[in-house]
Amino acid sequence: MWWKLKKKSDDGDMIIYQYSCETDLLDGEVAYSRTKQTFTCLQLASGDTERGVQRFFPHLWRTIDKEGAPNEHFIAIG
């Protein structure tokens, strides 16, 4: 499984990423609140499911926390 990410905005607290799940479409959006330390799916990507996006969040957290929330990123697992 893989995800492609592109940062849409970062206001210091809320980070919004456009994402795709096994495509290059970037038609989904997820948000992360630094103060609340929570993720929200704003729009599921094509072919993704609620369960799939929940599986994605820990990998996205690592990208934000350990890699400094890069502007673009590719995550592959499995």
Side-chain angles (χ1 to χ4, degrees):
M1 182 167 267
W2 59 271
W3 300 273
K4 189 174 182 178
L5 298 165
K6 184 174 184 179
K7 191 186 298 181
K8 182 177 180 179
S9 65
D10 183 350
D11 67 8
D13 175 40
M14 188 70 64
I15 303 170
I16 299 177
Y17 274 104
Q18 295 174 301
Y19 84 103
S20 62
C21 181
E22 301 199 357
T23 72
D24 290 326
L25 296 177
L26 295 172
D27 58 349
E29 283 192 0
V30 292
Y32 177 71
S33 169
R34 287 183 173 109
T35 55
K36 294 179 183 178
Q37 297 184 351
T38 58
F39 286 99
T40 305
C41 180
L42 304 174
Q43 173 69 44
L44 280 174
S46 297
D48 204 1
T49 63
E50 189 61 40
R51 186 174 179 191
V53 79
Q54 293 297 322
R55 185 175 182 194
F56 166 54
F57 287 156
H59 302 288
L60 180 55
W61 178 84
R62 178 170 172 62
T63 298
I64 292 169
D65 186 59
K66 303 294 183 190
E67 299 183 34
N71 290 327
E72 294 186 18
H73 197 64
F74 185 83
I75 299 169
I77 64 167

task = Give a yes or no on whether Q37 atom CD has more than 12 heavy-atom contacts from other residues, nucleotides or ligands under 6.0 Å away.
result = no
Gap between atom CH2 of W2 and atom OG1 of T23 - 0.5 Å precision = 6.0 Å
ask   = Are L25 and F74 connected in the hydrophobic side-chain network, where two residues link if heavy atoms are under 4.5 Å apart?
value = no
ask   = Can you tell me how far the CD1 atom of I15 sits from the CD1 atom of I64, to the nearest 0.5 Å?
value = 4.5 Å
request  = Describe, in one word, how the ring planes of F39 and Y32 are oriented to each other, choosing from parallel (under 30°), tilted (30 to 60°) and perpendicular (over 60°).
outcome  = tilted
Nearest-0.5 Å distance that lies between atom SG in C21 and atom NZ in K4 = 13.5 Å
request  = May I have the step-by-step check of side chain to side chain contact (heavy atoms under 4.5 Å, CB included) for R62 and I75, ending in yes or no?
outcome  = CA-CA 10 Å; R62 178 170 172 62; I75 299 169; over 6 Å; no
note = Per side chain to side chain contact (heavy atoms under 4.5 Å, CB included), Q18 is matched among V30, L26, D27 by L26
query = What distance do K8 atom NZ and M14 atom CE have between them, rounded to the nearest 0.5 Å?
reply = 13.0 Å
ask   = To the nearest 0.5 Å, what is the distance between CD1 (I16) and OG (S9)?
value = 4.0 Å
ask   = Okay, side chain of Y19, backbone of A45: is any donor-acceptor separation there less than 3.5 Å?
value = yes
query = Should the heavy atoms of other residues, nucleotides or ligands under 6.0 Å from NZ of K7 be counted, would the total exceed 12?
reply = yes
query = Do M1 and F57 share a hydrophobic cluster, counting only Ile, Leu, Val, Met, Phe, Trp and Tyr and linking them when any side-chain heavy atoms are less than 4.5 Å apart?
reply = yes
request  = Test side chain to side chain contact (heavy atoms under 4.5 Å, CB included) on F56 and L5 and set out the steps.
outcome  = CA-CA 11 Å; F56 166 54; L5 298 165; 3.4 Å; yes
ask   = CG of D48 to CD of Q54: how many Å apart, nearest 0.5 Å?
value = 10.0 Å
request  = Indicate, with yes or no, if W61 and Y17 share a hydrophobic cluster defined by side-chain heavy-atom contacts under 4.5 Å among Ile, Leu, Val, Met, Phe, Trp and Tyr.
outcome  = yes
ask   = Are any side-chain N or O atoms of D13 and backbone N or O atoms of R34, one a donor and one an acceptor, separated by less than 3.5 Å?
value = yes
